[in-house]
2 protein chains.
Amino acid sequence: MSVMNRALQQLKEKGYKKTKQRERIIEIFASHDQYVPAKKILQDMQKEFPNISFDTVYRNLYLLSGENVLEATELEGEKHFRLSCGTGHHHHHFICTDCGKTKLIEFCPMEKINEDLKGYDVESHKFEIYGKCPLCA
Amino acid sequence: MSVMNRALQQLKEKGYKKTKQRERIIEIFASHDQYVPAKKILQDMQKEFPNISFDTVYRNLYLLSGENVLEATELEGEKHFRLSCGTGHHHHHFICTDCGKTKLIEFCPMEKINEDLKGYDVESHKFEIYGKCPLCA
DNA sequence: ATCTAAATCGTAATCATTCTTATTTAGAAT
DNA sequence: ATTCTAAATAAGAATGATTACGATTTAGAT
């Protein structure tokens with residue numbers, strides 16, 4: 001089952017409607033195996049939908065993140081999104097600061113330090129590695 | 001030697017001038033052992049300098065970060081700053097999402113994964129843990 | 001006391017993002 | 001097929017953080 005069909009199926013089950021704009025957003029991500037800034041998505045969408053509003057793009061990016069179709073992170077003060085890796089398990093990323101491409105990091109440091117945090121209520125964590133991928137280096 | 005004197009000394013060596021505004025910014029951080037949003041610093045400064053400009057505050061926050069007097073991070077789309085821990089060695093933080101107070105995390109996960117990243121040019125990394133500290137929990 | 005680069009002020013501009021209201025549309029119900 | 005309604009969108013204003021800039025002031029060296 002394609003990424004597209006799986007996503008649309010999932011949205012349908014929650015009562016969300018299928019729109020041309022949403023389909024196109026998912027298509028764009030399917031062709032970018034990397035983190036992409038919201039602004040770039042907006043620009044790409046404008047090629048196909050000249051009158052699209054910011055709102056539509058941002059609203060859908062957040063919707064799709066909430067549904068785990070996309071993963072989000074913040075780089076240099078801008079929200080970036082990418083297709084969920086769909087590994088099914090918790091993971092982290094190396095992120096190329098040139099092209100946005102990522103490498104999966106299986107190791108999660110939290111296991112090592114939970115005992116240090118007795119009395120603390122851990123809600124989330126962020127572990128990201130930044131640099132140049134072999135192609136950009 | 002106090003934090004204040006050490007910082008002023010360091011700035012002087014680089015040819016930066018001592019100003020009332022800079023002194024006050026450092027004072028504010030010395031009384032907050034936690035991450036503080038730039039906006040909060042601006043508000044505190046306005047009490048003492050009613051005509052201070054944003055520019056002065058932001059410029060000095062970045063200057064002081066660059067000089068390692070302050071550490072910076074981005075939380076919820078806002079830059080936050082705190083006095084450098086001054087441990088002298090690399091470290092990470094647990095950050096309370098209520099009060100901004102931090103707990104030092106000595107463990108750095110990078111050692112464990114450098115061998116996974118052959119061919120990658122690692123520039124930096126971010127490892128932060130978010131949640132409620134014992135007082136806020 | 002003078003001089004000059006650094007710093008500040010005051011304000012405008014920028015940039016990402018969010019909000020609001022009116023209109024359109026997907027898809028369910030008739 | 002037509003109607004209906006909640007969901008989605010468009011258009012553009014508003015917000016909030018941050019940066020930029022010209023004019024003025026000031027720290028501190030000479």
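In this model, the phosphate group of dA27(D) is not approached by any side-chain N or O of Lys12(B) to a distance below 4.0 Å at OP1 or OP2. The phosphate of dT9(D) (OP1 or OP2) has no side-chain N or O of Lys20(A) nearer than 4.0 angstrom. Residue Gln21(A) places at least one side-chain N or O closer than 4.0 Å to OP1 or OP2 of dA10(D). Close to dT8(C), at under 4.0 Å from its OP1 or OP2, lies a side-chain N or O of Thr19(B). The side chain of Tyr58(B) places no N or O atom within less than 4.0 Å of a non-bridging phosphate oxygen (OP1 or OP2) of dT19(D). The shortest distance between the side-chain N/O atoms of Arg59(B) and the OP1/OP2 oxygens of dA7(C) is not below 4.0 Å. Look at Asn51(A) and you won't find any side-chain N or O under 4.0 angstrom from OP1 or OP2 of dG12(D).
Backbone-only contact: Tyr16(B) has heavy atoms under 4.0 Å from sugar-phosphate atoms and none from a base. Residue contacts for Tyr62(B): at a heavy-atom cut-off of 4.0 Å it reaches the sugar-phosphate backbone alone, with no base atom in range. Asp55(A) comes within 4.0 angstrom of a base, heavy atoms only. Among the protein residues, Lys14(A) comes within range of no part of the nucleic acid, since none of its heavy atoms lies under 4.0 Å from any strand.
dT17(C) atom P lies 8 Å from atom CZ of Phe81(A), rounded to whole Å. One atom, CD1 of Ile41(A), and another, C1' of dA16(C), lie 15 Å apart when rounded to the nearest Å. Remark: C1' of dT26(D) and CG of Asn60(B) are 14 Å apart, rounded to the nearest angstrom. Atom pair Ile52(A):CD1 and dA11(D):P shows a separation of 10 Å (rounding to whole Å applied). Computed from coordinates, the Phe49(A) CZ to dT24(C) C1' distance equals 14 Å when rounded to whole Å. Rounded to a whole Å, the CD atom of Glu13(B) is 18 Å from the C1' atom of dA6(C). As a whole-Å value, the separation of Glu67(B) CD from dA6(C) P is 14 Å. To the nearest angstrom, C1' of dA12(C) lies 10 Å from CZ of Phe54(B).
Lys79(B) and Thr73(B) share no donor-acceptor pair across their side chains, judged by distance under 3.5 Å alone. Defined by atom type and a distance below 3.5 Å, a donor-acceptor pair is missing between the side-chain atoms of Glu71(A) and Ser65(A).
Shortest non-hydrogen contact noted between Phe107(B) and Phe107(A) is CZ-CZ, 4.3 Å. Of all heavy-atom pairs spanning Ile95(A) and Gly100(A), the tightest one is CG2-O, 4.1 Å. Considering every non-hydrogen atom in both His32(B) and Ile28(B), the closest pair reads ND1-O, 2.8 Å. The heavy-atom pair separating Phe94(A) from Gly131(A) by the smallest distance is CZ-C, 3.5 Å.
A donor-acceptor contact under 3.5 Å is formed by the side chain of Lys17(B) with the base of dA5(C).
Nearest nucleotide to the side chain of Lys39(A), out of dT18(C), dA16(C), dT11(C): dA16(C). Listed nucleotides: dC9(C), dA7(C), dG28(D). Nearest to the side chain of Thr56(B): dC9(C).
Comparing Gly77(B) and Pro50(A) along DNA chain D, the residue whose closest nucleotide (by nearest heavy atom) sits nearer the 5' end is Pro50(A).
Side-chain rings of His92(B) and His125(A) stay apart, their centers remaining 6.0 Å or farther from each other.
Using a 4.5 Å cut-off on side-chain heavy atoms (C-beta onward), Lys18(B) and Leu11(B) make no contact.
Five base pairs at each end of the helix from dA1(C)-dT30(D) to dT30(C)-dA1(D) define two local axes, and these are offset by 20° (rounded to 10°).
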